[in-house]
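The block underneath contains the structure these notes are about, expressed in structure tokens.
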Amino acid sequence: MTMTRLSLSLACWGYDRTEALQTGAVRPDGIDLNFQVLDVEETFFRMLRNREFDVAELSMSSYCVTLGRENPGFIAIPVFPSRFFRHSCIFVSAKSGIEKPEDLVGKRIGVPEYQMTAPVWIRGILQDEYGIDPASVTYVTGGEEEPGREEKLKLNLPDKFKVEPIGPTQTLKRMLADGEIDALHTARAPSTFYSEPGKVRRLFPNFVDVEKAYFAKTGIFPIMHVVAIRRDVYEKNRWIAQALYKAFVEAQRLSYEQLLVSASLKTTLPWQIAAVEDTIATMGREWWPYGIEKNRHVIETFTRYHHEQGLSPRQLTIEEMFAPETFAEFRI
């Protein structure tokens, strides 16, 4: 007898670690995936505003914001399709006079959205590692490359945080190059960093060394995105949390293997094998872990930052963030 498989839509960017799900080489138990490859900004906007997908990659910060609201619309599984050390994503205007992290105090800093995950990590890292109070600067929000961007979620921040929107025709990339803002905390490098290098530069030009030292000290590889299931879909079929988790883990396992194949390079990076070997030497063979226990310290650090920066009314617990079916695995 043929059993009916559950059809679910999944919106996610086209990562190497999700490629096997996209191609169908890995299929979740009992599920047919309609995999839609979308830029992360589009996925976040459509999922948070309209709940258009059954399952979607979602900003870690935006997801945490929704958990502080009445009747949260999503439940996550501990799969983290995007992680990124963000020291490289602090850009400064040449006109600002900023030379070191401590010079950021009192300055005007652009952020596409205050609640974005990347700026949450940047503010937290600057606080923990360099003593910079997140409330000691003015945040200027709006479109980085295009005018008209707004916060995807309405925020109610404590008064000590100073947040101002830019004008309807302004962009952060232009304001940074022109010195109208002093710095930028972002996920995407502003185009003026490449087109006008004399006007925009990184705060940490040696960011790889700085990020490796940060990892050696803290053990943190910052999580940017989670995989979230619409809560109404999850409640009808709670078994899908474990089925999806298993499939994401298997797809990632294949990507780990492929990155070490030297007969023919998986990527267009000429020194891919050397980069992988260096990463293993620095971070271990499972450098991009999924699951709760291997990420507990990273998640709890982020939820602390989220609360300290006024985005959560209290520090969220891991137990309320993830589907309980994913907290333990069977053993034979």
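A donor and an acceptor atom, one from each side chain of Asn295 and Tyr290, are nowhere located under 3.5 Å apart. Judged by distance alone, the side chains of Ser59 and His225 never bring a donor and an acceptor atom under 3.5 Å apart. For the residue pair Glu57/Thr43, the side-chain donor-acceptor check at 3.5 Å is not satisfied. Using modelled atom types and a 3.5 Å distance limit, the side chains of Asp54 and Ser9 yield a donor-acceptor pair. Side-chain atoms of Glu300 and Thr303 form no donor-acceptor pair, as typed in the model, at a separation below 3.5 Å. Residues Thr186 and Glu144 have side chains that bring a donor and an acceptor to within less than 3.5 angstrom of each other. For the residue pair Glu325/Tyr245, the side-chain donor-acceptor check at 3.5 Å is not satisfied. Defined by atom type and a distance below 3.5 Å, a donor-acceptor pair is missing between the side-chain atoms of Gln315 and Glu308.
Residue Lys294 places its NZ atom among 12 or fewer non-hydrogen atoms of other residues, nucleotides or ligands, all under 6.0 Å distant. Shown here is Asn50, whose CG atom has more than 12 heavy atoms of other residues, nucleotides or ligands within 6.0 Å.
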### Task
Could you please spell out the steps behind the side chain to side chain donor-acceptor pair (under 3.5 Å) verdict for Tyr234 and Arg238?
CA-CA 5 Å; Tyr234 163 75; Arg238 293 184 61 151; 2.9 Å; yes
### Task
Tell me, with the steps shown, if Gln258 and Ser255 meet side chain to side chain donor-acceptor pair (under 3.5 Å).
CA-CA 5 Å; Gln258 292 166 353; Ser255 72; over 6 Å; no
### Message
Could you go through Arg5 and Asp29, starting from their C-alpha distance and side-chain angles, then the distance that decides it, and tell me whether this counts as salt bridge (charged side-chain N to carboxylate O under 4.0 Å, His left out)?
### Response
CA-CA 9 Å; Arg5 298 171 66 86; Asp29 297 337; over 6 Å; no
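With rounding to the nearest 0.5 angstrom, the CZ atom of Arg304 is 13.0 Å from the OG atom of Ser312. A distance of 11.0 Å separates CD1 of Ile280 from CE of Met283, quoted to the nearest 0.5 Å. Leu184 contributes atom CG, which lies 6.0 Å from atom CG of Leu172 (distance to the nearest 0.5 angstrom). For the atom pair CD1 (Ile75) and CD1 (Ile240), the distance works out to 11.0 Å, reported to the nearest 0.5 Å.
A donor-acceptor pair under 3.5 Å is formed between the side chain of Arg83 and the backbone N or O of Phe221. Tyr114 places no side-chain N or O within 3.5 Å of a backbone atom of Leu157 that could act as its donor or acceptor partner. Judged by distance alone, with hydrogens and angles left aside, the side-chain atoms of Arg149 form no donor-acceptor pair with the main-chain N or O of Gly143 at under 3.5 Å. With hydrogens and angles ignored, the 3.5 Å screen pairs no side-chain donor or acceptor of Tyr214 with any backbone N or O of Asp209. Panel note: side chain Tyr139, backbone Pro134; a donor-acceptor pair is recorded below 3.5 Å.
For Tyr130 and Phe204, the ring centers are positioned less than 6.0 Å apart. Ring centroid separation for the pair Phe91 and His185 does not come in under the 6.0 Å cut-off. Checked against the 6.0 Å centroid criterion, the rings of Trp287 and Tyr256 qualify as a close aromatic pair.
In summary, Lys100 and Asp103 engage in a salt bridge, as defined by a charged side-chain N under 4.0 Å from a carboxylate O. Ion pair Arg27/Asp32 flagged as a salt bridge, since at least one NZ, NE, NH1 or NH2 atom sits closer than 4.0 Å to an Asp/Glu carboxylate oxygen. We find that Glu250 and Lys246 are not joined by a salt bridge, their nearest charged nitrogen and carboxylate oxygen being 4.0 Å or further apart. Salt bridge Glu145/Arg174: absent, no basic N to carboxylate O contact under 4.0 Å. Salt-bridge annotation for Glu99 and Arg201: present, with a side-chain N of the basic residue lying under 4.0 Å from a carboxylate O of the acidic one.
With a 6.0 Å cutoff to the six-membered ring centre and a 45° limit on the axis angle, Arg123 does not count as a cation-pi contact of Phe161. At least one cation-pi condition fails for Arg86 and Phe207: the charged atom is not both under 6.0 angstrom from the six-membered ring centre and inside a 45 degree cone around its axis.
With Trp13 as the partner, the side chain to side chain contact (heavy atoms under 4.5 Å, CB included) test is satisfied by one option alone out of Thr18, Leu38, Asp39: Asp39. Checking each of Phe302, Phe85, Phe84 against Pro222 for a side chain to side chain contact (heavy atoms under 4.5 Å, CB included) leaves exactly one that passes, namely Phe85.
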